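Throughout, protein chains are lettered first and strands after them, A, B, ... in sequence-line order, and every chain is numbered starting at 1. The figures here come from the full heavy-atom set of this structure, side chains too, leaving out hydrogens, waters and symmetry mates. This one's a predicted model, so the numbers in the text were calculated from it and none came from an experiment.
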Amino acid sequence: MSSSAARALRILDEIAASDRPLGVSEIARTLSLPAGTVFRSLDALSRAGLVARYRESSRYISGPMAEHLHRSVIARFPIREVCLPYLRQLASISGETVSLHVPAGWFAVRICSVPGTGEVMISGAPGTAQPLHESPAGQAILADLPKSELAAYRKWSKSASRLPRMRRKDRGETVFPIRAEQRVIAAVTIDAPFAPAGEHLSACRDVVANIETLALAQPGLFAGPFSHLSADAIAL
Amino acid sequence: MITSETSPEGGKRYRNQATRRVLTVLLALADAPQPRGVSELSRSLGMNKNMVHRALATLASAGYAARDPSGELYQPGPRLLSLSRSSGAETDIVALAHPVLERLHALTHESVYLSIIVGRNRVTVDDIQAEGARVLRSQRGHPVPLHCTKMSRVLLAHRSNSEIADYLRAAAPLHREQHIPDPPSETAQGVWQDIKSIRMSGHVLWRNPHHTSAAYAIFPVCDAEDRAHAIITIGGPRERFDIPQIEARLPEIRGVLESLEREARLIPAPVFVVDA
């Protein structure tokens with residue numbers, strides 16, 4: 001049974017997933033709902049601040065409260081605060097933007113980014129989630145999964161009817177997996193087309209080794225708010 | 001079953017109400033630092049348990065809520081990770097803080113200021129002015145050296161000792177002409193002593209002993225390493241906003257600041273450039 005609230009949440013999903021403002025009739029068509037129903041849901045969502053009209057137009061984008069909810073859940077990953085000083089060190093060694101990614105279900109989530117000192121910043125927004133095989137950080141996590149979990153991932157990625165995503169060709173990332181207890185629990189990326197080399201690279205490796213030491217000593221810090229949920233149940 | 005399309009007007013209103021209840025439960029869940037239970041939510045939101053239970057079931061099946069590790073309570077769900085606008089999460093402290101300034105002004109009816117470090121100065125970059133009698137005209141954009149005035153020193157105090165030492169060296173001689181006497185600003189020793197006392201408490205409730213007409217509450221907004229992005233100051237005439245009145249409202253003020261403090265920790269504070 002689809003309640004009015006469940007419909008409103010589906011409309012919110014649709015608006016949040018879109019990279020452009022969506023109009024009532026467009027949403028109605030996509031979700032096969034009457035326009036009046038969509039309009040009433042949007043009214044309830046905008047009263048709660050979850051969606052907002054895009055520049056006084058009749059199309060909608062996600063609202064300030066949606067951003068707030070997003071940030072409140074990002075704040076529940078303790079690893080973000082713990083790793084910030086290390087990410088800062090990496091950003092100052094490499095001069096580039098440095099990000100930390102953690103798995104949530106079968107997704108890699110960019111949980112924190114520290115801007116580099118250079119003029120150009122090419123990092124994705126904090127909080128972006130991609131299926132493990134779709135990003136270099138996710139691939140690093142995927143590569144170390146035990147065989148049984150890898151099989152479960154394959155099954156999931158086939159059954160999940162996901163739209164193909166745009167892959168940006170001009171983006172390069174250097175990935176450092178963070179291992180604890182024989183699995184990759186997070187990945188640090190230096191978001192630049194050129195990998196650090198020579199003494200920069202070994203300085204970066206030292207910082208990453210410090211994060212791994214921390215992960216071994218306090219694995220609890222690296223557990224996210226969704227670690228207890230079944231990976232198949234997490235859809236982003 | 002009656003659907004909203006065929007029901008009379010009252011029915012429609014009822015349907016929308018149900019959606020709003022579900023969204024209210026969602027917001028309450030996200031704002032609580034700890035997982036919450038059905039009875040507790042029903043008490044704090046004034047809804048009956050059955051409504052809360054159904055709202056949580058709807059949220060959980062859409063991934064917006066999830067059971068906590070104990071299985072008894074509810075926490076925000078993974079779906080919230082997808083809620084960010086594709087342009088990226090807000091990382092500008094001024095934009096993040098503005099709604100909080102509005103809420104603080106609505107709560108206190110006093111003037112509210114947001115000030116940041118620019119070079120060697122504190123600069124107020126946003127403010128909302130009180131009506132009628134108020135503490136001072138908007139000082140937006142006016143640079144004040146980081147060792148002068150209590151507000152400036154709260155910003156300075158939330159930096160590392162070596163950064164402060166660098167600043168004090170660069171800013172010497174410290175003595176400045178000032179409208180209102182500010183003895184701690186005149187010597188490095190005075191600045192250090194004041195910084196020590198500021199660091200003892202999270203916020204500063206203050207009135208200048210040499211100029212007794214106004215009182216201020218100053219709150220640092222810090223990143224995860226306790227480096228200040230900014231300070232938020234609420235100031236008012238002492239006849240209505242003196243230290244005891246501020247103290248009485250402190251829990252409410254802290255409540256408003258809480259979400260900003262949490263969000264500010266996600267963003268690294270800018271590097272302090274003494275030689276600007």
Heavy atoms only: give me the nearest [X]-[Y] pair and the separation to one decimal.
X	Y	result
R76(A)	A32(B)	NH2-O, 2.8 Å
L27(B)	A48(A)	CD1-O, 4.2 Å
A66(A)	L83(B)	O-CB, 3.8 Å
S4(A)	T19(B)	OG-OG1, 3.0 Å
A269(B)	R88(A)	O-NH1, 3.7 Å
L84(A)	R265(B)	CD2-O, 4.3 Å

Residue [X] versus chain A: region with a heavy atom under 4.5 Å:
X	value
L59(B)	both
P33(B)	backbone
A60(B)	neither
L81(B)	both

*Pick whichever of V22(B), D223(B), D68(B) has the most heavy-atom pairs under 4.5 Å with chain A.*
D68(B)
_Among A224(B), A62(B), P69(B), G63(B), residue most engaged with chain A (heavy-atom pairs, under 4.5 Å)_ = P69(B)
Rounded to the nearest 0.5 Å, what separation is found between the [atom1] atom of [X] and the [atom2] atom of [Y]?
X	Y	atom1	atom2	answer
L9(A)	S61(B)	CG	OG	8.0 Å
L260(B)	R71(A)	CG	CZ	9.0 Å
Y64(B)	L50(A)	OH	CG	8.0 Å
R47(A)	T24(B)	CZ	OG1	12.0 Å
R40(A)	N16(B)	CZ	CG	7.5 Å

*Counting only heavy atoms not in H203(B), do more than 12 sit closer than 6.0 Å to its NE2 atom?*
yes
*Any sub-3.5 Å donor-acceptor pair from R79(B)'s side-chain atoms to A235(A)'s backbone N or O?*
yes
*Looking at L45(A), V109(A), V82(A), L12(A), which makes the most heavy-atom pairs under 4.5 Å with chain B?*
L12(A)
*Under 4.5 Å, counting heavy-atom pairs only, tell me which of V73(A), V114(A), L87(A) racks up the most with chain B.*
V73(A)
_A side-chain contact here means heavy atoms from C-beta on lying under 4.5 Å apart; do L23(B) and M65(A) qualify?_
no
*For chain B, find its close neighbours in residues 223-230 of chain A: heavy-atom separation under 4.5 Å, sorted by number, or none.*
P225(A), F226(A), H228(A), L229(A)
_Under 4.5 Å from a heavy atom of chain B, the part of D43(A) involved_ = side chain
